[in-house]
Structures are given as C-alpha cells and as structure tokens.
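Report on the following structure.
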Amino acid sequence: MINAAPEMLMLAALVIPLIAAFGIPLFDAVPAMREGVTIGAAAALALVVTSLAPAVLAGARPELFDLEIVEGVSIGFRVEPLGMLFALVAGMLWIVNSVYSVGYMRGNNEPRQTTFYLCFAIAIAATIGLAFSKNLLTLFLFYEILTISTYPLVTHKANADARAGGRTYMLLLLGTSMGLLLPAIMITYGTAGTLTFTEGGIFPEGTSPVTLALLLTVFVFGIGKAAVMPFHFWLPAAMVAPTPVSALLHAVAVVKAGVFTVLKVIVYIFGIDTLTSTGINEPLIYFVSFCLITASVIALTKDNLKARLAYSTVSQLAYIVLAALLATSISVVGGGLHIAMHAAGKITLFFCAGAIYTALHKTEVSDLDGIGRLMPVTMTAFLIGSLSIIGLPPFGGVWSKWFIGIGALEAGYVFVVAVLMISSLLNVAYLMPIVARAFFRPLPGAVPGEAVAIKEAPLACVVPLSLTALACVVLFFTAEPIANLVEAAVPTPAAETAPTAAGAPGVTNAQ
C-alpha cells in the first residue's frame with residue numbers, strides 16, 4: 001500500500017497508463033522491454049488503486065481539476081464508490097491480461113504487437129478517466145476515447161473479417177453515443193441545469209414523469225457499451241479480435257464501462273428514489289428481463305466458443321442493467337458485485353478460449369472432445385469460471401445473483417427471481433456441455449488406456465487463467481468489502497437491510 005494523499009493517488013492512477021502509452025513505442029525493437037513497460041505500469045496502477053480504496057470506503061471523495069466550460073458544465077474528476085469499484089476491477093485485471101497477452105501474442109506470432117500494447121494502455125487510461133469522472137460530460141469524453149482506442153484492437157488482424165467486425169463495432173457504439181447518449185446528456189442539462197453526479201439525483205422536484213421516462217429509456221439504449229438489445233451486435237462482431245482484446249472488451253473495460261455508466265446514471269443522475277416513486281423503470285425491467293433470457297437462448301445455438309461466450313456476456317450485462325433498474329439499495333449492491341464477479345469469471349473463460357486456440361488451434365465447441373486430457377489445467381479453470389458465471393457456491397458469482405434476487409423481491413418484481421433462475425439453468429446448458437466434452441468424451445485419434453502428452457498453452461497464458469480462476473473462489477469469501485464499497489454509493493436505511501444467508505456478505509446501514 002502507498003501512504004499518500006488520496007488526490008495524489010488519484011492523479012497517479014490517471015497518469016500511469018498514459019506514461020505506459022508513451023513508453024511502449026520507445027521499445028518497439030526490444031519486445032522484452034516493451035512488455036516490461038506494460039506489465040510494470042499495470043502493476044503500478046493496481047498498487048495505486050488498491051491504496052486509494054480504503055480512503056474512499058472510509059468516506060473520502062477526492063477531487064482533481066474542475067475546468068468549467070459553461071455554467072454547471074465542467075471537466076473534472078471525483079472518486080466515489082462506484083467509480084472506485086470500476087477502477088479496482090480494471091486496475092487488477094490489467095496485470096493478468098498483460099501477462100496473458102505476452103504468452104498469446106508471442107505464441108501466435110501476432111503482428112503489430114507494439115500497436116496492440118499501445119492501444120491497450122490508452123484504453124486503460126480512458127477507463128480510469130471514465131471511472132473517476134465527476135460529471136456526465138467528463139464521462140462522455142472518456143467513453144468516446146475508449147471506443148476509438150479499442151477500434152485498432154478489434155481490427156488487429158487486418159483481414160476482411162476484422163474490418164467488417166470493426167465497422168459494426170464503430171457504427172453501433174458511435175451511433176448510439178452520438179445519436180442517443182449525447183442528446184440525453186444535453187436534455188438532462190437543459191432540465192436539471194447541471195451534469196454533476198450527485199447523491200439522490202439531479203432532477204428538480206416537479207420534473208415531468210414523461211420526460212424522466214423518455215430520458216431513462218434513451219440513456220439505457222444510448223449507452224451502447226451495455227449491449228442492451230437490439231444494440232448488442234457489436235459485441236459478437238468484435239470477437240474477430242485476438243483473445244486478450246476479447247478479455248478487455250468483456251471483463252476489463254468496454255462492456256463494464258457500459259454497465260458502470262448505467263449504474264452511475266441511475267444512482268447519481270436520476271436517483272433510485274425517483275425511479276421507485278414514479279414507476280418510470282417498470283417497462284424497462286420487463287424488456288431487459290426478456291433480453292437476459294433471449295441472449296442466453298442464442299448462446300445455446302452458437303458452436304463457435306467465443307461467439308457463445310459473447311452472447312453469454314450480453315445476458316450477464318443484462319443482470320447489471322436489471323439490478324440498476326430495480327432501483328433498490330440491495331439490487332444496486334448486487335449490480336456492483338456482478339461487475340466484479342462477472343469480470344473474474346468471464347476473463348477466465350476467454351483466457352481459456354485463447355489458450356485452446358494457442359495450443360490446439362481449435363475454435364468450435366464441437367471440436368473440443370477430449371481436450372481435458374491435453375489441457376487439464378485450462379479446462380479445470382474453464383469449469384471454475386463456468387460455475388461462477390452460473391452462480392454456484394463456493395464461487396463469487398453466487399453473491400451478486402443473491403443480492404439482485406433479494407432486490408427484486410423487495411421491489412415487488414417476483415417474476416425477476418424466476419428470470420434469474422431460468423437464466424442460471426440456461427447458463428448450465430450452454431457452459432457445462434463444453435466441460436463435459438472436454439473431460440468425458442474420448443480424444444479423437446487417441447488409443448483407449450494409452451497416456452496422452454499434455455499440451456497446454458505457454459506458461460504466460462496458463463498462469464493468468466489459473467489466477468483468475470482462483471479469484472472466482474477468493475471472491476466468494478471476500479465479497480463483503482465489495483458490497484460495502486457499493487453500498488456507500490447508496491446508503492441503506494436499517495429498515496431496508498437485506499436478509500442474508502449464513503456467511504453471506506450483508507448490506508449494513510452506511511449512515
């Protein structure tokens with residue numbers, strides 16, 4: 001831990017990825033140094049954000065800069081609990097993703113590796129800027145930088161499929177942000193006179209419920225990175241990218257930036273009391289529940305492993321959007337927890353998919369028969385990540401689903417609990433057959449009873465996926481600090497404290 005003022009730690013978190021972005025091209029001809037800069041910066045960022053977290057949990061809200069553009073609109077940074085959580089997820093996972101990238105990029109002799117690491121660092125810088133945004137304008141700027149900086153990563157292979165995927169990626173993300181999100185921000189300013197994230201929301205009393213309902217709808221669909229249907233196609237299209245990029249999109253930055261933004265808008269722009277008192281959230285609750293199930297059903301139909309995982313992510317993101325829309329303190333805590341729990345589980349699954357491709361050059365689920373004998377470590381990690389996504393103990397994913405379910409009951413939406421249960425069964429249906437194929441079907445061409453030589457991916461791939469699988473277990477036992485951090489964004493009156501199972505992280509009164 002670093003003993004420094006919160007403001008200095010905040011500045012360091014914003015600057016470290018930028019320093020890496022400047023340093024990486026200097027070592028284009030020395031790959032080991034280039035990768036050393038990346039891993040060193042990732043480790044430094046993780047140390048800084050973990051050092052900042054205790055102060056935020058204790059009530060500090062450090063601020064940096066406040067450049068006013070017009071009255072009530074500025075560019076500035078402020079760390080609050082939701083932003084701290086997002087920064088922790090991005091900061092911690094950048095390390096393992098960087099190490100994994102070394103093994104993957106070298107193992108597959110990928111071209112333009114310097115450009116890859118450079119754009120990755122810029123994307124992380126944009127992520128931290130977005131996490132620490134003080135207002136909607138600052139968030140929007142970094143939201144767009146994140147889109148632009150990840151485009152070269154999506155199109156990294158520079159073939160026809162990559163270019164087509166990149167076009168879909170940019171069209172949908174820039175189209176939704178410029179066509180929906182930006183107008184929503186402008187109308188918000190015209191209605192509220194400010195864009196600053198404020199506890200309890202910013203809209204004045206007497207604001208028309210119709211106006212609020214329309215704005216909420218435009219925000220939910222305009223935040224395209226949350227991949228709410230029908231603006232989700234960019235996510236499976238982007239699977240043409242190298243697997244470390246897929247991990248960035250699904251776990252570290254991009255989609256998490258989307259659902260984080262949804263949480264921030266509902267908690268700090270609308271305020272959960274506004275949603276519950278007006279009922280403007282109800283139509284969206286039904287629609288997002290439909291999306292949650294539909295994406296899981298589509299995942300069942302996909303034979304390509306990364307495509308199946310992509311539609312799984314669309315479904316899992318809907319959990320977080322749904323948690324925010326339920327608009328109870330407990331459901332918001334569940335949504336925040338799911339950002340962390342899904343990140344650990346899904347990055348594990350994508351790391352495993354990339355390891356399979358690197359070692360065996362297999363991409364289709366139907367081709368994975370018996371590979372558990374060749375890649376026992378990788379497929380065990382895949383099993384652990386799958387069980388966490390499904391939501392079974394002792395893996396972290398169980399707690400986020402628990403809180404979202406409790407929040408749904410508290411809000412009076414009993415059908416949402418059924419939706420969560422059906423979704424978990426569908427998770428089993430599209431994930432566990434992969435594990436069953438790997439461990440219980442014969443390996444094609446192998447002689448029964450004869451030993452098979454293990455053929456794992458490079459160690460730089462296997463170690464990170466093992467660590468993220470371990471994190472799925474550790475998070476089961478350490479969920480309470482995360483829950484407490486998110487709860488600090490939405491203090492819960494004692495009367496609303498959720499019942500907890502034995503050993504479950506409880507939501508306590510933060511006042």
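Start at 1 with the first residue, then count along the sequence. Owing to the predicted nature of the structure, the values given are computational and were not obtained by experimental measurement.
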Side-chain donor-acceptor pairs under 3.5 Å in residues 429-437, sequence neighbours left out?
unit_1 : atom_1 : unit_2 : atom_2 : d
Tyr430 : OH     : Ser312 : OG     : 2.9
Tyr430 : OH     : Asn427 : ND2    : 2.9
Arg437 : NH1    : Asp369 : OD1    : 2.6

Discussion item. Both conditions, 6.0 Å and 45 degrees, for the charged tip of Lys225 above the ring of Tyr143: are they met here?
Written reply: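 Because its charged atom sits under 6.0 Å from the ring centre and within 45° of the axis, Lys225 does stack over Tyr143.
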
Value rounded to 0.5 Å, distance of [atom1] in [X] from [atom2] in [Y]:
{"X": "Leu146", "Y": "Leu141", "atom1": "CG", "atom2": "CG", "answer": "12.5 Å"}
{"X": "Thr147", "Y": "Met178", "atom1": "OG1", "atom2": "CE", "answer": "11.0 Å"}
{"X": "Leu420", "Y": "Leu322", "atom1": "CG", "atom2": "CG", "answer": "6.5 Å"}
{"X": "Ser423", "Y": "Tyr319", "atom1": "OG", "atom2": "OH", "answer": "2.5 Å"}
{"X": "Lys264", "Y": "Ser133", "atom1": "NZ", "atom2": "OG", "answer": "6.5 Å"}
{"X": "Glu456", "Y": "Thr358", "atom1": "CD", "atom2": "OG1", "answer": "11.5 Å"}

Discussion item. Before you tell me yes or no, could you show the steps for Glu35 and Phe27 under side chain to side chain contact (heavy atoms under 4.5 Å, CB included), namely the whole-Å CA-CA distance, both residues' side-chain angles and the distance that decides it to 0.1 Å?
Written reply: CA-CA 9 Å; Glu35 294 154 1; Phe27 299 101; over 6 Å; no

Quick check: does any side chain N or O of [X] sit under 3.5 Å from a backbone N or O of [Y], one acting as donor and the other as acceptor?
{"X": "Gln113", "Y": "Met105", "result": "yes"}
{"X": "Ser315", "Y": "Leu292", "result": "yes"}
{"X": "Ser331", "Y": "Ala323", "result": "yes"}
{"X": "Arg373", "Y": "Phe439", "result": "no"}
{"X": "Ser424", "Y": "Ile390", "result": "yes"}
{"X": "Trp234", "Y": "Gly224", "result": "yes"}

Practice prompt. Please lay out, stage by stage, how Phe287 and Phe221 fare under the test side chain to side chain contact (heavy atoms under 4.5 Å, CB included).
Written response: CA-CA 11 Å; Phe287 180 76; Phe221 289 107; 3.6 Å; yes

Mind listing the closest non-hydrogen atom pair of [X] and [Y] along with its distance?
{"X": "Ile298", "Y": "Met229", "result": "CD1-CE, 4.0 Å"}
{"X": "Leu215", "Y": "Ala184", "result": "CD2-O, 3.6 Å"}
{"X": "Val154", "Y": "Ala162", "result": "O-CB, 4.3 Å"}
{"X": "Leu82", "Y": "Ala489", "result": "CG-CB, 3.9 Å"}
{"X": "Gly222", "Y": "Leu180", "result": "CA-CB, 3.5 Å"}
{"X": "Ile122", "Y": "Ser149", "result": "CG2-CB, 3.6 Å"}

Item to complete: Let me see the working for Thr301 and Tyr311 under side-chain hydrogen bond (donor to acceptor under 3.5 Å, both in side chains), right down to the final yes or no.
Response: CA-CA 10 Å; Thr301 69; Tyr311 275 99; over 6 Å; no

May I ask you to test the [X]-[Y] pair for a side-chain heavy-atom distance under 4.5 Å?
{"X": "Leu326", "Y": "Val332", "value": "no"}
{"X": "Leu374", "Y": "Ile454", "value": "no"}
{"X": "Val262", "Y": "Val265", "value": "no"}
{"X": "Val102", "Y": "Arg106", "value": "yes"}

Output field: ring centroids [X]/[Y] closer than 6.0 Å:
{"X": "Tyr104", "Y": "Phe351", "answer": "no"}
{"X": "Tyr286", "Y": "Phe290", "answer": "no"}
{"X": "Phe233", "Y": "Tyr169", "answer": "no"}

Item to complete: Please check if any side-chain donor atom of Ser98 sits under 3.5 Å from a side-chain acceptor atom of Thr38, or the reverse.
Response: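 The criterion, which ignores hydrogens and geometry beyond distance, is not satisfied for Thr38 and Ser98.
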
Worksheet item: Does a side chain donor of either His338 or Lys401 reach within less than 3.5 Å of an acceptor in the other side chain?
Response: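 No, because no side-chain N or O of His338 sits under 3.5 Å from a partner of the opposite role on Lys401.
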
Item to complete: Report the C-alpha distance between Leu45 and Ile124 in whole Å, list the side-chain angles of each, state the deciding distance to 0.1 Å, and finish with yes or no for side chain to side chain contact (heavy atoms under 4.5 Å, CB included).
Response: CA-CA 10 Å; Leu45 179 62; Ile124 295 296; 3.7 Å; yes

Item to complete: Applying side-chain contact (heavy atoms from CB on, under 4.5 Å) between Leu263 and each of Val321, Ile320, Leu85, report the one that passes.
Response: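 Single pass found, and it is Ile320.
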
Discussion item. Under the criterion side chain to side chain contact (heavy atoms under 4.5 Å, CB included), I'd like the reasoning laid out for Ile285 against Val416: C-alpha separation, chi angles, the key distance, then a yes or no.
Written reply: CA-CA 9 Å; Ile285 287 174; Val416 170; 4.1 Å; yes

Item to complete: Take Phe477 and Phe395, measure what ring pair (Phe, Tyr, Trp, His ring centres under 6.0 Å) needs, and give me the verdict at the end.
Response: CA-CA 8 Å; Phe477 299 98; Phe395 306 102; 9.5 Å; no

Discussion item. Quick one, Lys346 with Thr313, criterion side-chain hydrogen bond (donor to acceptor under 3.5 Å, both in side chains). Give me CA distance, side-chain angles, the key distance, then yes/no.
Written reply: CA-CA 8 Å; Lys346 191 52 64 73; Thr313 296; 2.8 Å; yes

